[in-house]
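First up is the structure itself, then whatever we jot down about it.
Quick note: residue numbers are just sequence positions, from 1. As the structure lists them, so they are numbered: ligands from 1, and atoms in each ligand from 1.
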Amino acid sequence: MMYLRKIFIAISFFFFCSALSAQTLFKEKYRPQYHFTPDKNWTNDPNGLIYYNGEYHLFFQHNPFGNQWGHMSWGHAVSSDLIRWKELAVAIPEEGNVGIFSGSAVMDPFFTSGFGKEKGKAPMVAIYTADVPNSNQSQHIAYSLDSGRTFTKFSGNPVLDLGQKDFRDPKVFWHQPTQKWVMSVMLPLEKKVQFYSSKTLKAWNLMSSFGPAGDTSGIWECPDLFRVPVDGAPGKHKWVFMMSPSPYMQYFIGEFDGTKFINESNPSRIFRPDYGPDYYAAVTYNNLPASFNPVSIGWVNNWNYAGAVPAGQWRGTMSIPRTLSVRKIGNDWILLQNPADELYTLQKKDTIITSDKLIKQEDASFMAEWEWKTSTGSKEVSLGDKDLMIRFNPETREISVDRSLSKGFKNDAYQRLSVFKSVFPGELSEKLRFRLFVDESIVELFVGNGELVFTSQVFSEKTLSTLQFQGSAEPFPVRIKDLGTYRD
Ligand code: FRU
């Protein structure tokens, strides 16, 4: 009898917890609403970004068992518009103590790998790093014949092994002109990327390497080599090599001749896709139709405090999708990043504010867009309870984000990294555009035509739902778009 009672109590407790969890999931303090977060547990880098059959896949570094880094596996979510995500079962789980680290995915419609040929359906092939803790990292492949829902590991793994402890994050694409697969993969401690080629995805030949260059202060991770359109020059393209010198990111722009990357960026300067504290491991989508612009997604975090940020059942957030192009400004090629169009076409409330410098929203999930004149003095706008101050000095062309007054996360590393600035590249025109995406604890600021982006986590003790323009700087009209929640 006693035994039955215990079972009854256990079952009731289970149902009580699930009900509680359903009630609170996605309503937690600081939980982003239109940025992807896993329902539960930890995420870091986006992995295997690939578009196939109308579906955007977002695989991600995931601990399926807790909200701290560990048991690395590939989580999986899909979306038809890059905003509304549906989380699916873990796609590639940790195997024994071997972690499934970051990597990419390709479609193999011509069966170069020989996988799945008999079924006549293009296999999706994942290329990832198998991590044997403190001993070896090598590149492995696995294929899926059901749109990434389940993967079968190649029996001949590893496909690339240098016998090194640090050798990771393979990003593979099909290079049409030379009819071969190209892999960028990092030697993190040497601050070097290597480029390999393959006809089969199973055997790889070293072609060239690049680095150290630019920011060499941290280890190098998560390489990506991709082709982007030149803004305003239809039919023209450049190659971008983008990567993560921990804990930030940088890019180089130039050419790729099928064998090596030829850098045209000034090697004595550092160019970043994001000048804020929290943008890492961003990579671009593979297999997009030719008419689409390249799109990237990054992890909104910083390894200096990633494990400690206030979260809940989940920890870790992906950025909004960004479309990419480049433009030469003065002597420099600059990466332009803009919020994917899908964010603008959502059927949500749009408000135009024409005179009120204190803008109060119902919740902290919105986009604000305004322009500041460049002929008048310094400007400032604050978000929440002065949780984030955004400043623009037209004279020096400097833009900064400052979260030093925010009190919701008391952590030394986080507080040390509170002010971030950069100078707008090139001449200013009469007005400069600002687009601010606010999502509970995530703030992404796009300046101009995407020449500068600042991504920050901001943990307000109250809420980020108010925007207060300071002083005489007129930002009007300010357009506010509610963004709300997009979880299926
Ligand atoms: C980057 C990174 C990668 C590695 C993964 C492990 O954030 O350190 O180099 O593959 O995370 O989770």
**Fill in**
Nearest heavy-atom approach of Pro170 to Gln139 is CD-OE1, 3.3 Å
**Aromatic ring proximity, centroids under 6.0 angstrom, Phe292 and Tyr51** = yes
**Nearest-neighbour protein heavy atom for atom 7 (O) of ligand 1, which is reported as residue plus atom name and distance** = Asp45 OD1, 2.7 Å
**Request:** Note the single closest protein heavy atom to atom 4 (C) of ligand 1, along with its residue, its atom name and the distance in Å.
**Result:** Asp169 OD1, 3.5 Å
**Message:** Show me which atoms of ligand 1 lie under 4.0 Å from any heavy atom of Ser102.
**Reply:** 5 (C), 10 (O)
**Asked** Would a line drawn from the ring center of Phe256 to the ring center of His175 be shorter than 6.0 Å?
**Response** yes
**Fill in**
Within 4.0 Å of some non-hydrogen atom of Trp303, the atoms of ligand 1 are 1 (C), 7 (O)
**Any donor-acceptor N or O pair under 3.5 Å, side chains His71, Asn63** = no
**Ligand-side contact atoms (ligand 1) for residue partner Gln61, heavy atom cut-off under 4.0 Å** = 5 (C), 6 (C), 12 (O)
**Prompt:** Is there a heavy atom of Asn44 sitting under 4.0 angstrom from any atom of ligand 1?
**Reply:** yes
**Prompt:** Of the protein's non-hydrogen atoms, which lies at the shortest distance from atom 8 (O) of ligand 1, and what is that distance?
**Reply:** Glu221 OE2, 2.8 Å
**Asked** When the ring centroid of Phe252 is compared with that of Phe210, is the distance short of 6.0 Å?
**Response** yes
**Tyr280 neighbourhood, listing ligand 1 atoms whose heavy-atom distance to it stays under 4.0 Å** = 1 (C), 7 (O)
**Message:** Centre-to-centre under 6.0 Å for Tyr30 and Phe459, is that the case here?
**Reply:** yes
